[in-house]
Peer 1: 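Pasting in a structure now, in structure tokens, and then I'll have a few things to ask.
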Number of protein chains: 2
Amino acid sequence: MPVTIYDVAREAGVSMATVSRVVNGNPNVKPSTRKKVLAAIEQLGYRPNAVARGLASKRTTTVGVIIPDISSPFFAELARGIDDIASMYKYNIILCNSDERVEREVHLTNTLLEKQVDGIVFMGREITESHMQVFTTASVPIVLAGTKDPTGKLPSVDISHYDAGYDATKYLIDKGHRRIAMVTGPLIDPLAGMRRFEGYKQALTEAGLPLKDSYVYNGNFRYESGLAAVEQFLSLVEQPTAIFAVSDEMAVGVIHGLQDRGLRVPDDIDVIGFDNIRLAEMVRPRLTTVVQPMYDIGAVAMRLLTKYMNNEKVDHHIVILPHRIEERQSTKGRMTEEQQDELE
Amino acid sequence: MPVTIYDVAREAGVSMATVSRVVNGNPNVKPSTRKKVLAAIEQLGYRPNAVARGLASKRTTTVGVIIPDISSPFFAELARGIDDIASMYKYNIILCNSDERVEREVHLTNTLLEKQVDGIVFMGREITESHMQVFTTASVPIVLAGTKDPTGKLPSVDISHYDAGYDATKYLIDKGHRRIAMVTGPLIDPLAGMRRFEGYKQALTEAGLPLKDSYVYNGNFRYESGLAAVEQFLSLVEQPTAIFAVSDEMAVGVIHGLQDRGLRVPDDIDVIGFDNIRLAEMVRPRLTTVVQPMYDIGAVAMRLLTKYMNNEKVDHHIVILPHRIEERQSTKGRMTEEQQDELE
DNA sequence: GGTTTACATGAATACGATTGCATGCAAGAG
DNA sequence: CTCTTGCATGCAATCGTATTCATGTAAACC
């Protein structure tokens, strides 16, 4: 029923090969016939069948995107970066939510490969053996965004979580803090969980500060974790003077937990977050945070993928994007003892 | 190079038709041969080519989703609802960001149709003539989510924006407010902009309250609009005692704008928002808001689409989901004069 | 035991494009 | 004027599957 390339050919009085050529912008067509064909297309309301084209050409101009949860602001921003670059290169995106479940991630990968996507951008937590197994059976490129595989084989785009954890902690130390608590992510997460925590530990160690278990709360990136963390920290005899939470949501939870107990931020306690989602500017006090270029991670990952898909030369298959600390109102620092001495 | 159904057939010593049958779960296959085929598939690592299947069967088990901006929490939640139901029915989704630009929406629709999606879920602002034109050329069902077309022809899932606007305003009136300001969306938006505003006007009228231009600020759903609105309202001699913002982001902007000026919410001014995104619970005071079932709108829209795709009977092609007001701490009301009289 | 019935399977074709190869023709070279 | 060259076009194979139809076989029936 729908009009095919053959109908157009008949209408224009040419062969289907010629129609195909004008549709695909092949220069080897006489302007006059091109015009005829275009007219026929317009006339008949012809819409090329991309599935047939995909079968014949072995390219679908579609890429798969596997994401933990699109309703998370962090990943949504990443996804937007991916899609913007994708559409810039004329690709469409098949978006799949994995909820970070390994079997599902593997299953989705297979589904995407069946659908003959030209490439895949993968976002997840841990890269396991199961992942590597499917990934290596793929005949199309796969790049990791916001993750890195332990073997370093796969192309990936991410920040240095270790450095970021270190920098945030160092920032607080330099501000004069000595009792610094941390709200971590799930430590099963090797990067956003573990590596950031290791950065924290390193910074403490270098400053000669003790690592106290009671100053570490194991969160899950969500707001409620922040609230819960405050409970733990405030029950201590020696309460922290600064709290480093590895997601903005948790950081805001911390701030509100503190405020609900009558403490002021940053007057009583400093708080620093992580990510720099829009929320960070939509709290009072505005949140000092480690900014992670989420949009860019997505965009760069997609750009990298296009290079692989076009068999272009790539210099570095692992790219580490810079992070930085955006100083806002949730941190103001403490005077160190030396500074206090000077004042006297 | 990749292994095809033909290779499997040879390996299993059957015809490709039989392989196709077992792959598609056709019951007309002797268990013993099914087993042989399955073994061959496993052995060869066969992965069915969904593109070829799509061409032959004329179904892609893929649906298109056009969305203004996936990085907006509101739409992200909607998208999640869509994807969950889609994957429940074994569909994948092609996600496209339109930025609410009409030409782009039209263009994306055409692209999706070329890719032979089995259906489309469309989210946008206004449904114009251009939209209707493409939509009607489509041979697959299209359902609107979070919008409605003026002609009422297209299937859609949404709330009643008019009622919601009315209810929010009425809520404030019942709380004793007489000076109620509103931060609207762009009035070009016929629903989230205009209809909510009309509900507001109606509620005022019924209560015998005047509609004052200075009490209306034209926002764009973003946080900054809320801040700006406060500027306008506080410059008035007779300042409002309650503010109704048609997005939570704007409402939070309003709250912060007020707080930044030393006013307290709700002690000095009540604020009510709209949407009930997670942010609403991540502010102090927590935001009273009109809850819009975003996830459900997406889910129901997708469910409706599956019915159309399966040629099932549908009772109502336009479905209006319920909204309600979630009362939190940003509203506490004012005593009316009568109440004050009673106290004396 | 012959006829009907149901099931299991294979051969062949359609799906709607892309693309390599052959061909015809006109222009340019010698 | 002939030969070469290159452009414009058509022919036909191909992509990997679904699906109809015909066929063969075994079970079921009276």
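Every chain is numbered from 1, with letters handed out A, B, ... down the list of sequences. This is a predicted model, so every value here is computed, not measured.
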Peer 1: May I ask you to decide if B:Ala192's main-chain N or O and B:Arg125's side chain share a donor-acceptor pair within less than 3.5 Å?
Peer 2: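 Side chain of B:Arg125 to backbone of B:Ala192: no pair is present.
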Peer 1: Per the salt bridge (Lys or Arg N to Asp or Glu O under 4.0 Å) rule, what does the pair list look like for residues 70-81 of chain B, sequence neighbours excluded?
Peer 2: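 Qualifying pairs, neighbours excluded: A:Asp69-B:Arg80, A:Asp99-B:Arg80, B:Arg80-B:Asp84.
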Peer 1: Examine the side chains of A:Thr306 and A:Asn310 and answer whether a donor and an acceptor come within less than 3.5 Å of each other.
Peer 2: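 A:Thr306 vs A:Asn310: no donor-acceptor pair found between side chains.
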Peer 1: Tell me: CD1 of A:Ile5 to C1' of D:dC11, nearest whole Å?
Peer 2: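 It is 14 Å, rounded to the nearest whole Å.
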Peer 1: Of all of residues 45-62 of chain A, which get a heavy atom below 4.0 angstrom from DNA chain D, listed by number?
Peer 2: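 Heavy-atom contacts with DNA chain D come from A:Leu55, A:Ala56, A:Lys58.
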Peer 1: Does A:Phe135 have its ring centroid less than 6.0 Å away from the ring centroid of A:Phe122?
Peer 2: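 Close enough - the centres of the two rings lie under 6.0 Å apart.
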Peer 1: Please give me the minimum heavy-atom distance between B:Arg53 and B:Pro48, naming the atom from each residue.
Peer 2: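 Here B:Arg53 and B:Pro48 meet closest at NH2-CB, 3.7 Å.
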Peer 1: Distance check, rounded to the nearest 0.5 Å: A:Arg34 atom CZ versus A:Lys30 atom NZ?
Peer 2: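 A:Arg34 atom CZ to A:Lys30 atom NZ measures 12.5 Å (nearest 0.5 Å).
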Peer 1: Quick check: does any side chain N or O of A:Thr60 sit under 3.5 Å from a backbone N or O of A:Gln116, one acting as donor and the other as acceptor?
Peer 2: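 Yes; at least one donor-acceptor contact below 3.5 Å.
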Peer 1: Roughly, in whole Å, what's the span from CD in A:Glu114 to C1' in D:dT17?
Peer 2: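 The answer, rounded to whole Å, is 12 Å.
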Peer 1: What residues, two or more places apart in sequence or in another chain, satisfy side-chain hydrogen bond (donor to acceptor under 3.5 Å, both in side chains) together with A:Thr128?
Peer 2: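 With sequence neighbours excluded, A:Thr128 shows a side-chain hydrogen bond (donor to acceptor under 3.5 Å, both in side chains) to A:His131, given in chain and number order.
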Peer 1: Please enumerate all protein N or O atoms sitting under 3.5 Å from an N or O of nucleotides 22-25 of chain D, with distances to 0.1 Å.
Peer 2:
none

Peer 1: Side chain of A:His161, backbone of A:Gly193: donor and acceptor closer than 3.5 Å?
Peer 2: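 It does not hold such a pair.
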Peer 1: Name all residues meeting the side-chain hydrogen bond (donor to acceptor under 3.5 Å, both in side chains) criterion together with A:Thr147; count only those two or more places apart in sequence or in a different chain, and write none if there are none.
Peer 2: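 Partners of A:Thr147 under the side-chain hydrogen bond (donor to acceptor under 3.5 Å, both in side chains) test: none.
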Peer 1: Taking only side-chain nitrogens and oxygens of A:Ser15, does any of them come within less than 4.0 Å of OP1 or OP2 of D:dG10?
Peer 2: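 So the side chain of A:Ser15 is within the cut-off, an N or O lying under 4.0 Å from OP1 or OP2 of D:dG10.
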Peer 1: Listed in order of residue number, which residues of residues 16-40 of chain B have a non-hydrogen atom at under 4.0 Å from DNA chain D?
Peer 2: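 Per residue number, the list reads B:Met16, B:Ala17, B:Ser20, B:Arg21, B:Asn24.
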